[in-house]
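Report on the structure given below.
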Amino acid sequence: MFSFFGIFIFLKFMIQESSLIKTDYDMLIFTQAWSPTSCYEWEKKSPSHQCNLPPYEEWYIHGLWPTKNGTLGPFFCNRSLPFDFNALHSIREQLELKWINIYKDDKPYRLWQHEWEKHGTCSVDLKSLNTEKKYFKKGLELLNKYDMKYIFNNVNILPNQKYFLQEYLDSIHKILGKNAYLECITNKKRNQIYLSEIRICFNKLFELVDCNGIIQFPSNCNKNDEIIYPDRVPNLMTEPLVVQL
Ligand SMILES: *[C@@H]1O[C@H](CO)[C@@H](O)[C@H](O)[C@H]1NC(C)=O
Ligand SMILES: *[C@@H]1O[C@H](CO)[C@@H](O)[C@H](O)[C@H]1NC(C)=O
């Protein structure tokens with residue numbers, strides 16, 4: 001008998017099957033995250049949350065995401081390529097610093113496992129990314145080459161200051177010659193906006209391309225917002241108390 005539930009299961013099956021096959025993409029988005037903002041975002045979700053921060057404020061790797069222009073994904077392209085922690089043995093120390101899992105009490109490899117299974121399995125068609133180790137080494141190599149700390153330093157965009165969206169984007173364009181994407185998060189209580197991530201885009205030869213066309217390009221932020229580049233984790237304790245009358 002036909003039922004909505006049956007149709008639902010059928011569609012879900014179709015989507016899962018097609019996601020196994022459909023691995024087409026035209027670009028790779030390289031996402032760097034700013035550790036103080038990531039930590040703030042994590043801490044504010046629950047009083048029990050603590051961060052595993054790098055020794056200094058850093059841009060660290062969030063991920064390298066094969067992407068079909070104008071869409072998100074493809075994702076989870078091959079479930080027969082499970083994450084293998086041992087494959088990363090020789091680069092583990094670097095990954096723990098540069099591809100850091102800032103969630104304390106979580107396994108350091110949890111982020112790597114997620115990134116590999118969701119994104120890495122979608123770009124194994126590229127010779128430069130056809131093993132887990134190559135995928136993670138590529139991330140390290142890209143951070144080394146395009147670390148936002150150096151890019152921003154070069155154009156005098158400095159932590160503990162705030163800038164408009166366009167100032168950030170223009171300064172990246174000035175150095176890289178391509179359009180990037182900026183992600184920010186909002187602290188509603190203090191009515192502040194923090195710089196959270198920078199995404200830059202590559203073609204399959206790892207030549208920089210404009211990020212024009214990726215979802216929400218050029219930012220999830222508003223062009224009139226002043227965006228803080230925090231120099232340390234914004235303090236949860238100083239948020240105004242809500243007085244109960
Ligand atoms: C998934 O990975 C396995 C193991 O490498 C491989 O044999 C298989 O062909 C892959 N499947 C697809 C759809 O790419
Ligand atoms: C992605 O799509 C946008 C808008 O359609 C286009 O301007 C851009 O050149 C495309 N990028 C790539 C890498 O194909």
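Reckoned from all heavy atoms, side chains included, excluding hydrogens, waters and symmetry mates. In listed order, ligands and their atoms are each counted from 1.
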* Does the side chain of Asn101 come under 3.5 Å of the side chain of Asp106 through a donor N or O and an acceptor N or O? -> yes

* Asked: Nearest protein heavy atom to atom 13 (C) of ligand 2, by residue and atom, and its distance?
  -> Met27 CE, 4.0 Å

* Closest non-hydrogen atom pair between Tyr168 and Ile228, with its separation -> OH-C, 3.8 Å

* **For Leu81, the ligand 1 atoms whose distance to one of its heavy atoms is below 4.0 Å** => 2 (O), 4 (C), 5 (O)

* What protein heavy atom is closest to atom 4 (C) of ligand 2, reported as residue, atom name and distance in Å? -> Gly213 CA, 4.1 Å

* Any N/O pair Asn78/ligand 1 closer than 3.5 Å -> yes

* Of all the atoms in ligand 2, which lie at a distance below 4.0 Å from a heavy atom belonging to Asn69? -> 1 (C), 2 (O), 3 (C), 8 (C), 10 (C), 11 (N), 12 (C), 14 (O)

* Asked: Would a hydrophobic clustering, with Ile, Leu, Val, Met, Phe, Trp and Tyr connected at side-chain separations under 4.5 Å, put Phe164 with Phe217?
  -> no

* Heavy-atom gap Asp26 to ligand 2 smaller than 4.0 Å -> no

* Is the closest side-chain donor-acceptor distance between Gln161 and Tyr163 under 3.5 Å? -> no

* Asked: atom 11 (N) of ligand 2: protein heavy atom closer than 4.0 Å?
  -> yes

* Asked: Does a donor on one side chain and an acceptor on the other come within less than 3.5 Å for Glu115 and Trp65?
  -> yes

* Side chain proximity check, Lys178 to Ile200, heavy atoms < 4.5 angstrom -> no

* Structure fact -> atom 7 (O) of ligand 2 has as its nearest protein heavy atom Asn212 CB, 4.0 Å

